[in-house]
Protein chains: 2
Amino acid sequence: MPGTSLDFSARLRAAGLRPTRQRVALARLLFAGGHRHVTAEALHAEVKASRMPVSLATVYNSLNQFRDAGLLCEVVVAPGRSYFDTNIGHHHHFFIEPDGELHDFPSDKVTIAGLPAPPKGTRLARVDVIVRVRR
Amino acid sequence: MPGTSLDFSARLRAAGLRPTRQRVALARLLFAGGHRHVTAEALHAEVKASRMPVSLATVYNSLNQFRDAGLLCEVVVAPGRSYFDTNIGHHHHFFIEPDGELHDFPSDKVTIAGLPAPPKGTRLARVDVIVRVRR
DNA sequence: CAAGGAGTTTAGAATTATTCTAAACACTGC
DNA sequence: GCAGTGTTTAGAATAATTCTAAACTCCTTG
Ligand SMILES: [Mn+2]
Ligand SMILES: [Mn+2]
Ligand SMILES: [Zn+2]
Ligand SMILES: [Zn+2]
């Protein structure tokens, strides 16, 4: 029986976050099913429809905390449009331009060769590839 | 003698834009020197310091028009942080995380192999690679 | 080289995404 | 249970950007 509150409590605690009712409710929405790409507003709409509504500020706080704790990552595709991504493995994205849909694709078959060395005094943190497509 | 107003007028006209005083002033700042990565606010500050100040709304309008006309492209690196880029050739970016600096690197030595086919009903528009580095 | 109309600029208001504030609230360890 | 600290919340604030509609200017036409 996956998806009990206890699972999410433990997971949050393991990440150094108190398992409050709000965070557990959000974690369930985010992590119970498969991977998701979700905006703060969309997640707020979802949780508002549940029996345990959560304020928008808490949705933002929680998403930022989850990201900082490594439970999520954030993908910025356009000005004012950022998605929180429950897939934290190495992968890249298709961005479908008119609708704003994001789709994952695995990075293990993608090879990026010939990248120049990072500028002096800097260390590589991450390589983001966004493949923009149109209908 | 590169950089006369006439050059920029012609260039704007060729792009289908009326060469107004404001657009010419902005085009000079953007295109007279080498390639630039500039935010709307930064360009507004620059043009305010000139003998021909331009309103912030016009800076935004012009940057969007220049981008739509293919004179610029826009690079989004973080929520609420987008740069207008006078380099419209194929290239990619280093993003230096704490400072927010953007640096070009040419794409001709970079090979991206193994990209999956675009989702059904879509056509590839552009591939953005952002290499995020930290100090 | 006049109009005159379409396109452009502008100040300021509006919108959107996000963060801040500070008071109320709730986990947690004792 | 209680205290204490961390969390939540409504609402205000901030930041980036767009909208509005009135004033202005480029450019074509006569
Ligand atoms: Mn954020
Ligand atoms: Mn824009
Ligand atoms: Zn993803
Ligand atoms: Zn560039």
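Sequence lines set the chain letters: A, B, ... in the order given, protein chains first and strands last, and positions in each chain run from 1. What's counted below: heavy atoms across the whole structure, side chains too, no hydrogens, waters or symmetry copies.
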Interatomic distance where CG belongs to B:Leu12 and C1' belongs to C:dG7 [whole Å]
14 Å
A:Glu74 CD to C:dT18 C1', in whole Å, measures 11 Å
Taking atom CG of A:Leu115 and atom CG of A:Leu124, what is their separation to the nearest 0.5 Å?
7.5 Å
Report the residue (B:Pro19 or A:Gln65) whose heavy-atom-nearest nucleotide on DNA chain D is the more 5′ of the two.
A:Gln65
B:Lys48 NZ - C:dA11 P separation (whole Å):
11 Å
Which residue lies more 5' along DNA chain D, comparing B:Arg13 with B:Ala57 via nearest heavy atoms:
B:Ala57
Ring pair (Phe, Tyr, Trp, His ring centres under 6.0 Å) pairs touching residues 41-73 of chain B, sequence neighbours excluded, are none
Side-chain N,O (B:Arg23) to OP1/OP2 (C:dT8) below 4.0 Å:
yes
Check this one for me: any side-chain N or O of B:Ser82 less than 4.0 Å away from OP1 or OP2 of D:dT17?
yes
Taken to the nearest whole Å, NE2/A:His44 to P/C:dT19 is 15 Å
Without swapping roles, check the side chain of B:Ser50 against the backbone of B:Met52 for a donor-acceptor pair under 3.5 Å.
yes
Are any of A:Thr39's side-chain N or O atoms less than 4.0 Å away from OP1 or OP2 of C:dA17?
no
Would you tabulate the side-chain donor-acceptor contacts of residues 95-110 of chain A under 3.5 Å, counting partners in other chains and residues two or more places apart, or write 'none'?
residue, atom, partner, partner atom, Å
A:Asp99, OD2, A:Arg135, NH2, 3.2
A:Glu101, OE1, A:His103, NE2, 3.0
A:Asp104, OD1, A:His37, NE2, 2.7
A:Asp104, OD1, A:His91, NE2, 3.0
A:Asp104, OD1, A:His93, NE2, 3.0
A:Asp104, OD2, A:Asn87, ND2, 2.9
A:Ser107, OG, A:His90, O, 3.2

Side chain of B:Asn64 - closest among C:dT18, C:dA26, D:dT18
D:dT18
Identify which nucleotide among C:dT19, D:dT8, C:dT10 has an atom closest to any side-chain atom of B:Ser55, counting heavy atoms from C-beta outward.
C:dT10
Would you compute the distance between atom CG of B:Asn61 and atom CZ of B:Arg23 and round it to the nearest 0.5 angstrom?
8.5 Å
To the nearest Å, give me how far apart CZ (A:Arg21) and P (C:dA26) are.
5 Å
Between D:dT17, C:dC27, D:dT25, which one does the side chain of B:Tyr60 approach most closely?
D:dT17
What contact category does B:Arg81 fall into here, base, sugar-phosphate, or nothing, at under 4.0 angstrom with non-hydrogen atoms?
nothing
Over all strands shown, is B:Thr58 touching base, sugar-phosphate only, or nothing at heavy-atom distances under 4.0 angstrom?
base
Whole Å only: how far is the CG atom of A:Leu17 from the C1' atom of C:dA26?
16 Å
Spacing of CZ belonging to A:Arg67 relative to CG belonging to A:Asp85, to within rounding of 0.5 Å
12.5 Å
Taking only the side-chain nitrogens and oxygens of A:Arg18, find out if one of them lies under 4.0 Å from OP1 or OP2 of C:dT28.
no
For the side chain of B:Gln22, starting at C-beta, report the closest nucleotide among D:dT7, C:dT10, D:dC26.
C:dT10
Taken to the nearest 0.5 Å, the spacing of A:Leu56 CG from A:Glu41 CD works out to 5.0 Å
Rounded to whole Å, please give me the gap between CG in B:Leu56 and P in C:dG12.
13 Å
Applying a strict under-4.5 Å side-chain criterion to I, L, V, M, F, W and Y, I'd like to know whether B:Val127 and B:Val75 cluster together.
no
Can you tell me which stems DNA chain C forms when a stem means 3 or more consecutive Watson-Crick or G-U pairs under 3.5 Å?
C:1-30 with D:1-30
Between A:Met52 (CE) and D:dT8 (P), how many Å, whole number?
9 Å
